[in-house]
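Counting from 1, the numbers follow the sequence of the chain as shown.
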Amino acid sequence: MQLWQDGVVALLAAIGLASMIWTVVRAVLYAGPERRREIAALLPAQGDGERLEEQLLALQTLRGERNMFGRVLLVDCGLSQEGRRLARGLTRKHPWAALCGREEIAKYL
């Protein structure tokens, strides 16, 4: 019984140590918020904006965890009135996202 308990304690210690090492490695590899501000993600939006909120939340996760980019551009590629309303609401909710037309992309980059 003692051997089994020692094995469990060793496993938990190894997991804890690996987590701490991974935290340090992530901090070193993904450091540099200056670089993040230079990169933008383009998200084409069409129709009623189906799945637009889902996609924006997935990009928010990448933005927060990996520091991959600073801004998300929701590019109007044929949004309906309902889709524009949804996109505007999302840009108000997430200040790092912006709605623009195809011809306005250069203004944000």
Side-chain angles (χ1 to χ4, degrees):
M1 188 64 159
Q2 183 69 22
L3 182 63
W4 183 80
Q5 291 172 344
D6 289 344
V8 170
V9 169
L11 175 68
L12 292 174
I15 291 172
L17 183 62
S19 296
M20 289 189 308
I21 290 172
W22 177 244
T23 300
V24 170
V25 167
R26 258 182 68 183
V28 170
L29 288 179
Y30 299 114
E34 311 83 38
R35 182 184 65 140
R36 178 178 84 167
R37 296 188 201 297
E38 297 172 4
I39 300 172
L42 300 178
L43 187 60
Q46 299 173 341
D48 287 337
E50 302 91 10
R51 300 189 46 162
L52 192 57
E53 188 168 8
E54 258 179 63
Q55 293 170 338
L56 195 60
L57 291 175
L59 289 174
Q60 179 182 11
T61 302
L62 283 175
R63 183 177 185 268
E65 290 180 359
R66 306 281 186 201
N67 289 331
M68 294 186 83
F69 45 85
R71 178 176 289 277
V72 172
L73 295 178
L74 303 175
V75 182
D76 187 349
C77 295
L79 280 171
S80 65
Q81 289 297 93
E82 181 65 30
R84 277 193 200 89
R85 192 174 321 119
L86 174 66
R88 283 189 201 108
L90 289 172
T91 58
R92 279 192 298 272
K93 184 178 177 183
H94 304 288
W96 44 267
L99 176 63
C100 67
R102 290 183 212 169
E103 61 282 346
E104 298 174 279
I105 293 173
K107 181 175 85 173
Y108 289 94
L109 301 178

Visitor: Check whether M20 and W22 end up in the same hydrophobic cluster, where Ile, Leu, Val, Met, Phe, Trp and Tyr are linked by side-chain heavy atoms less than 4.5 Å apart.
Guide: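 Yes.
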
Visitor: Applying a strict under-4.5 Å side-chain criterion to I, L, V, M, F, W and Y, I'd like to know whether L62 and W96 cluster together.
Guide: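 L62 and W96: one cluster.
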
Visitor: To the nearest 0.5 Å, what is the distance between NE2 (H94) and CD (E53)?
Guide: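 The NE2 atom of H94 sits 6.5 Å away from the CD atom of E53.
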
Visitor: If you look at every heavy atom in L52 and A45, which pair is closest and at what distance?
Guide: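 What the structure gives for the nearest pair is CD1-CB, 4.0 Å.
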
Visitor: Within this structure, what is the CZ-CG distance for the pair R102 and L73, rounded to the nearest 0.5 Å?
Guide: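 So the gap between those two atoms works out to 14.5 Å.
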
Visitor: Flag yes if V25 and L17 sit in one hydrophobic cluster, no otherwise; membership is Ile, Leu, Val, Met, Phe, Trp, Tyr, and two members link when side-chain heavy atoms are under 4.5 Å apart.
Guide: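 Yes, because V25 and L17 connect within a single hydrophobic cluster, where side-chain heavy atoms sit under 4.5 Å apart.
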
Visitor: Are the side chains of V8 and L12 in contact, using a 4.5 Å heavy-atom criterion?
Guide: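 SC-SC contact between L12 and V8 confirmed.
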
Visitor: Minimum heavy-atom separation for K93 and P95, please, with both atom names.
Guide: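 Of all heavy-atom pairs spanning K93 and P95, the closest is O-CD, 3.5 Å.
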
Visitor: Any idea which heavy atoms bring R71 and A98 closest together, and the distance?
Guide: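 The answer is NH1-CB, 3.4 Å.
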
Visitor: Ignoring hydrogens and geometry beyond distance, is a side-chain donor-acceptor pair present between Q81 and R84 at under 3.5 Å?
Guide: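 Q81 vs R84: donor-acceptor pair found between side chains.
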
Visitor: Taking side-chain contact (heavy atoms from CB on, under 4.5 Å) as the criterion, tell me which of L99, L74, L86 meets it with L79.
Guide: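 It is L99, the one option of L99, L74, L86 that forms the side-chain contact (heavy atoms from CB on, under 4.5 Å) with L79.
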
Visitor: Can you see which heavy atom on L56 is nearest to which on L43, and at what distance?
Guide: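 Taking L56 first and L43 second, the nearest heavy atoms are N-CD2, 4.3 Å.
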
